[in-house]
Protein chains: 4
Amino acid sequence: MTSSKKPDKYYAILEGALKVFAENGFHKSQVSRIAKEAGVADGTIYLYFKKKEDILTSLFQEKLGELVEKFNQGVGEHMSARAALMKVCEIHFSELENNIHLAYLTQIELRQSDMLLRQEIGLALKRYIILIENILERGKREGSFRPDFDVKLVRLLIFGGMDEVVTSWLISGQKYSLTAQVGPTIDFFMKGIEP
Amino acid sequence: MTSSKKPDKYYAILEGALKVFAENGFHKSQVSRIAKEAGVADGTIYLYFKKKEDILTSLFQEKLGELVEKFNQGVGEHMSARAALMKVCEIHFSELENNIHLAYLTQIELRQSDMLLRQEIGLALKRYIILIENILERGKREGSFRPDFDVKLVRLLIFGGMDEVVTSWLISGQKYSLTAQVGPTIDFFMKGIEP
Amino acid sequence: MTSSKKPDKYYAILEGALKVFAENGFHKSQVSRIAKEAGVADGTIYLYFKKKEDILTSLFQEKLGELVEKFNQGVGEHMSARAALMKVCEIHFSELENNIHLAYLTQIELRQSDMLLRQEIGLALKRYIILIENILERGKREGSFRPDFDVKLVRLLIFGGMDEVVTSWLISGQKYSLTAQVGPTIDFFMKGIEP
Amino acid sequence: MTSSKKPDKYYAILEGALKVFAENGFHKSQVSRIAKEAGVADGTIYLYFKKKEDILTSLFQEKLGELVEKFNQGVGEHMSARAALMKVCEIHFSELENNIHLAYLTQIELRQSDMLLRQEIGLALKRYIILIENILERGKREGSFRPDFDVKLVRLLIFGGMDEVVTSWLISGQKYSLTAQVGPTIDFFMKGIEP
DNA sequence: GATGAATGAGTATTCATTCAT
DNA sequence: GATGAATGAATACTCATTCAT
């Protein structure tokens, strides 16, 4: 349970920023627009954030933190490795399908060119990455997965695959159901394409 | 055969931009910096490109066009579907491993937030996408791949997987060999992780 | 006897301002910094002063008032005009030498560009000016000074001379004794440079 | 002869700044106002000056340079020391009386609180200072001045005196003739006030 | 075609001042 | 009286784009 020590306005600004960034992208978003969206004065933003970029960074950390939390709550140790992997994919797809602003944030804004930012994101995602790797290792131990694959590489391939599916769905205009792709996706991860 | 109708300066500017964008990112790159790098006057750029953004777009089109060309040249109809898929992965990894500026461009800059840009990129990549899909369909027909997977979905999963491997390699500081990952990657695509 | 009708906080703020202004100059001094220095809340300052500029004005008036008071107390009617003039110079130099913040205030901050402010300062200094003029006139009457100089002009020349000596001493980094200059200064005022 | 290497716009901006600074003071002068006064675009200013403050600095240097030049041209070695001193005072008073904007600049703006700036001004004035000291020393050698005064101190007293006379004249609203004060001023410097 | 000096629109950030508590 | 969180006006500076030469 995360006790929210931060004042309401902090979150109001983040929510405003989430909307404005999703609509215009970081660079085309004006601070004053975020302030208006959050219902505060321009200057108030600077009581909570040092620079415009800090809003983006904090937004990532808060939102990715929440997301990672959901993965950790949704996936239990009692599940079979395969079931756990499916759960991960379900949560990944459904959370983003149900929160289009968050989807924009993660699939589009997250890919900023700033190397520093990328590395911060990496940290925020670390727990998610570890969760997937743990499942893979557990599957190997339990014998439900092949014993001979490189966990780190496969983790990248699985994460990258899901990520691309979400991005494609987003860019295409969300014309189809993302959660409907969970089954076939897991099927591919498990069996590959070899007959 | 690409008959280069464009004057030398056009390409000089693109090469300058490739370097400058890779070093600073699109938004932090000044047009005058690109001009200096290309050895032309600031104003000259506007004889070849309408806006700063057009440089980026043209750069994508030229560079992705060359890349796609390499895929098409490297992958023959005579190859088995499996061999073709491996060839695709080989080219994908080796071309980016051998051209770090291009890698930055595709893995980092390509992910700018502009939706329009993303769609243009989609078009530039279309032939690559089709190439992969053709291989998948050929494999199905030939019986070397399973007959029951969704080609479009699997294409996303394969492309996304490779893409993530490249990005991870790039962000980590290119500490290991990217081409060494071709074998295990294709192995995963073929067999999945099921024992 | 100055009955201090003003509450302690009024003076606390002025002392804080004296320090902050001396360190940063008026324009680069933040009100909140003065508040912190004075140990009060930002808003409290506005219970005692209408605007930031008023702090400066009040500071001048208080400090110059004290200074003028010292001149009036130090210089008696019983003294010879020459002795009185020397006393003025002694007090002028020693008071500023012994209070470096006050020296910064009078020699640097006092010279702000605001015409209104300059005129207020003129008023605050009026009693000092009159004191000097009185001495000059008394000297003329007593016959200890020449009868044929313009009192107002000479007062400017004397005041300006002392002022420049102080400023020079301050800017040079207070490397030498200011009070040691009293003798030669008065000597020049009395005899000029003619042999 | 100073060959003006700088382009016209450089001087146009300085003249605009001289006017605007004199009217409003440095801190209350907007860059865009200076640009308008100079007949150039806002951005053009930054082709010639790095920061707003640089305009002020350059202005000082140019204007004080011109002024010092006039002193050096007006005062010859053939003059008696006394005549030379009178010439200095004449030029000092008449140049400022005839150029009210310059008077504001030197008497008001020059007294900014920035220590760095003050020291730059000191350098720009150095040649003037040396000129006065040379006259004083020549007078001592020639026997037309007393042999026993401190040149540096007397230079401060003379410069400070003249300076105060100018400032007083300026603040009072230029109600009287400044040049009419030359005679009595020199008289005081020569003879002091002793009978 | 080529130049690069000139343009001027656009915006993050600061900080004096207010006012609900 | 005292507080300090909130306000929002104000502006130096950048840089993509233009256009006279």
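In what follows, chains carry the letters A, B, and so on, assigned in the order in which the sequence lines appear, proteins first and then strands, with residues in each chain numbered from 1.
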J.: Is there a side-chain contact between A:Leu105 and A:Asn99, using heavy atoms and a 4.5 Å cut-off?
T.: no
J.: Under the ring-ring contact (aromatic ring centres under 6.0 Å, His included) test against C:Phe26, which residue among C:Phe60, C:Phe21, C:Tyr104 passes?
T.: C:Phe21
J.: Start with the C-alpha distance between A:Ile108 and A:Leu170, add both sets of side-chain angles, then the distance that settles side chain to side chain contact (heavy atoms under 4.5 Å, CB included), and finish with yes or no.
T.: CA-CA 9 Å; A:Ile108 310 289; A:Leu170 188 69; 3.9 Å; yes
J.: When the distance from CD1 of C:Ile13 to C1' of F:dT3 is rounded to whole Å, what number comes out?
T.: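 After rounding, the reported distance stands at 13 Å.
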J.: For the pair made of CZ in D:Arg33 and P in F:dT11, what is the distance, rounded to whole Å?
T.: 13 Å
J.: Provide the closest heavy-atom pair for B:Val68 versus B:Ala124 in the form atom of the first, atom of the second, distance.
T.: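 What the structure gives for the nearest pair is CG2-O, 3.9 Å.
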J.: In whole angstrom, what separates D:Phe26's CZ from F:dA12's P?
T.: 9 Å
J.: Round to a whole Å and report the spacing from CG of A:Asn24 to C1' of E:dG10.
T.: 15 Å
J.: Remember a base hit wins even if backbone is also touched, and classify C:Tyr48 as base, sugar-phosphate or nothing at under 4.0 Å, heavy atoms.
T.: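 C:Tyr48: backbone/sugar contact only, no base atoms under 4.0 Å.
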J.: How many Å lie between NZ on C:Lys36 and P on F:dA5, as a whole number?
T.: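 In whole Å, F:dA5 P and C:Lys36 NZ are 12 Å from each other.
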J.: How close or far is atom P of F:dA6 from atom CG of A:Asp8, stated in whole angstroms?
T.: 10 Å
J.: Write out all pairs satisfying side-chain hydrogen bond (donor to acceptor under 3.5 Å, both in side chains) with one or both partners inside residues 57-66 of chain D, taking only residues at least two apart or from two chains.
T.: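 Those involving residues 57-66 of chain D are D:Tyr10-D:Glu62, D:Glu15-D:Lys63, D:Gln61-D:Glu120.
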J.: Give DNA chain E the dot-bracket treatment, 5' to 3': Watson-Crick (N1-N3 with N6-O4 or O6-N4) or G-U (N1-O2, O6-N3) under 3.5 Å, [ ] crossing, | other strand.
T.: .||||||||||||||||||||
J.: Can you name the salt bridge (charged side-chain N to carboxylate O under 4.0 Å, His left out) partners of D:Glu53, sequence neighbours left out?
T.: none
J.: In whole angstrom, give the distance that lies between atom CG of C:Asp54 and atom C1' of E:dA16.
T.: 12 Å
J.: Tell me whether the side-chain N/O atoms of A:Lys9 come closer than 4.0 Å to OP1 or OP2 in F:dA6.
T.: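 The answer is yes; a side-chain N or O of A:Lys9 sits under 4.0 Å from OP1 or OP2.
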J.: Which whole-number value in Å describes the distance from A:Ile34 CD1 to E:dT11 P?
T.: 12 Å
J.: For nucleotides 16-21 of chain F, just jot down a letter per nucleotide in 5' to 3' order: B, S or -, based on protein non-hydrogen atoms under 4.0 Å.
T.: SBB---
J.: Taking the side chain as every heavy atom from C-beta outward, state whether B:Lys6 and B:Tyr11 have any atom pair closer than 4.5 Å.
T.: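 Yes - at least one pair of side-chain heavy atoms lies under 4.5 Å apart.
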J.: How would you list, by chain and number, every residue that makes a side chain to side chain contact (heavy atoms under 4.5 Å, CB included) with A:Ala35, sequence neighbours excluded?
T.: A:Val40, A:Asp42, A:Ile45
J.: Partners of B:Lys52 by side-chain hydrogen bond (donor to acceptor under 3.5 Å, both in side chains), sequence neighbours excluded?
T.: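 B:Lys52 satisfies side-chain hydrogen bond (donor to acceptor under 3.5 Å, both in side chains) with no other residue.
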